[in-house]
Amino acid sequence: CKYLGTYLDTETDIKHRKQMAMAVYNRYQKLLQSDKIFLETRIKLFGTYVGSTFLYHSELWTLTKKL
């Protein structure tokens, strides 16, 4: 079941978020791996684009050791 963009099952939601984050990473891969941009800037860009996509609604996740 999906409610307001988040799956009610934590494991399903995490898998879905990982897929979305990988899609965003693949979209910006050349930018994130470019030697023409400082490392600190690339880290900030990664957190902005990829990290925020993955962690959206993560405060609702109930994590187990397996997850």
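Here CE of Met20 is found 5.0 Å from NE2 of His16. Values are rounded to the nearest 0.5 Å.
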Would you list the atom pairs, donor with acceptor, under 3.5 Å between side chains in residues 41-55 and any protein atom, with sequence neighbours excluded?
| unit_1 | atom_1 | unit_2 | atom_2 | d |
| --- | --- | --- | --- | --- |
| Arg42 | NE | Ser34 | O | 3.3 |
| Arg42 | NE | Ile37 | O | 3.1 |
| Arg42 | NH1 | Ser34 | O | 3.3 |
| Thr48 | OG1 | Lys44 | O | 2.8 |
| Ser52 | OG | Thr48 | O | 2.3 |
| Thr53 | OG1 | Tyr49 | O | 2.7 |

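Sequence neighbours left out, the pairs with a member in residues 20-31 that pass side chain to side chain donor-acceptor pair (under 3.5 Å) are Tyr25-Gln33.
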